[in-house]
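Report on the structure given below.
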Amino acid sequence: MVSDGPIAAAAEILEAELQRIDDLASRFRPDSELERLNAAAGRAHPVSPDLLEAIAVGLEVASATDGLVDPTVGVAVRRLGYDRDFAVVRAGVEGELPAREPAPGWRSVVVDSHRGTVTIPEGAGLDLGASAKALASDRAASRIHRQLGCGVLVSLGGDVAVAGAPPEEGFVVGLADRCADPSPAEAVSIASGGLASSGTSVRRWRLGEHDVHHIVDPRTGLPAQEHWRTVAVAAATCVQANAAATAAIILGPSAPAWLEALRLPARLVGRDGRVSYTPAWPAPESAMSAASPAECSA
Amino acid sequence: MVAVVTVLSVGIVAVYVSKALPGHQSGATATSNTSSGAGSATAPAASTGQSSLNPASTPTQSASTPAPVTSGAT
């Protein structure tokens, strides 16, 4: 039987990790280390080992997705009005849809790991939103397992990471198209790695007369075309799962073939609600009837 | 048995302790690396050109038990 001890200790570790990632990578706090780096665009800026790691992971995600998930979309995201907490943005912001303008590109970021500096192009800005939370899930799960010796699942707004010995049936995760959906259509269990969903239906807002969402295509600097409403992917880590899910949203119609080539289990929900799967995804067992929806950040 | 708790309204953590309790490792030193080794402060993966996306080491299974939810909120 699980005492209060392990879960309380695990919660404490997760809380510390959440605070750490917020201090490091929040776009909404001018005192975050990332915002101080963005303010220094155009010159080499010293960063902590933790931010260097988070940026390295963001660049790795960009490399692994052929630049589809690119951390240099920071300025593009701000041009869309997403420059403050989403609780404020969701009410709508004034403005016009900006002109098409590709992001500077992840290859323009210079990381000097020996000097501990990062240089981003003048006028550019980094947004680690596509990787930092997933990285926090991976890190927290790993730390909790190492420190407490138990199996663990960590979910941050739907970015799920597991570590250690799982229950016999694995860690079961429900799949919902919308935040706090009381009746997710499907559930899967995972015993290692991560599971993450990306979607366009939750974080969206009005920009003047336009309806926009938060997944920016770095090739245009504009919200990705909406072919898929939600994509869920399981992978070796939560960072990889989230990267693949976000890349699939941006890829649109060719996403299933891309995911299949990577042998990644994926569930894709089209704008019309039609569900597609890659061959590696397990056949659905039955609909869930009494799920416990998680809190989420939307 | 699995115990679950919500943290700061955005995080959920569930722990599982099997009947044969694994050794308590509270003395273990936490590191800043993820279990995947994805990225490091000294050797950014982006500079290696070897980044990839890989399936988990264990297959994803279908399930029907009540569970935390991933919803595409991110």
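Bear in mind that the values here come from a model prediction, so they are computed numbers and not experimental data. The sequence lines fix the lettering, A, B, ..., with proteins before strands; numbering per chain opens at 1. Keep in mind that the numbers below use all heavy atoms, side chains included, and drop hydrogens, waters and symmetry copies.
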### Message
At a heavy-atom distance under 4.5 Å, which candidate from I55(A), T65(A), I13(A), L14(A) has the highest pair count against chain B?
### Response
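It is L14(A).
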### Query
Among G194(A), G193(A), A191(A), who wins on heavy-atom pairs under 4.5 Å with chain B?
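Heavy-atom pairs under 4.5 Å are most numerous for A191(A).
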### Query
Of the backbone (N, CA, C, O) and the side chain (C-beta and beyond), which part of L262(A) lies under 4.5 Å from a heavy atom of chain B, both, or neither?
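L262(A) touches chain B through backbone and side-chain heavy atoms alike.
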### Task
Pick one of side chain, backbone, both or neither for P167(A), based on which atoms fall under 4.5 Å of a heavy atom in chain B.
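For P167(A), the contact with chain B is made by backbone and side chain together.
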Closest approach of [X] and [Y], non-hydrogen atoms and distance?
| X | Y | value |
| --- | --- | --- |
| C150(A) | Y16(B) | CB-O, 3.3 Å |
| A236(A) | P55(B) | CB-O, 3.5 Å |
| I7(A) | A14(B) | CD1-CA, 4.5 Å |
| G11(B) | L156(A) | CA-CD2, 3.5 Å |

### Message
Return the CG to OG1 distance between N54(B) and T237(A), rounded to the nearest 0.5 Å.
### Response
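Result: 8.5 Å between the selected atoms.
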### Task
Please report the C-alpha distance between V13(B) and L153(A) in whole Å, then the side-chain angles of each, then the deciding distance to 0.1 Å, and finally whether the side chain to side chain contact (heavy atoms under 4.5 Å, CB included) criterion is met.
CA-CA 6 Å; V13(B) 60; L153(A) 174 148; over 6 Å; no
#### Entry: Intermediate values then yes/no, side chain to side chain contact (heavy atoms under 4.5 Å, CB included), I12(B) and V154(A)
CA-CA 6 Å; I12(B) 291 177; V154(A) 170; over 6 Å; no
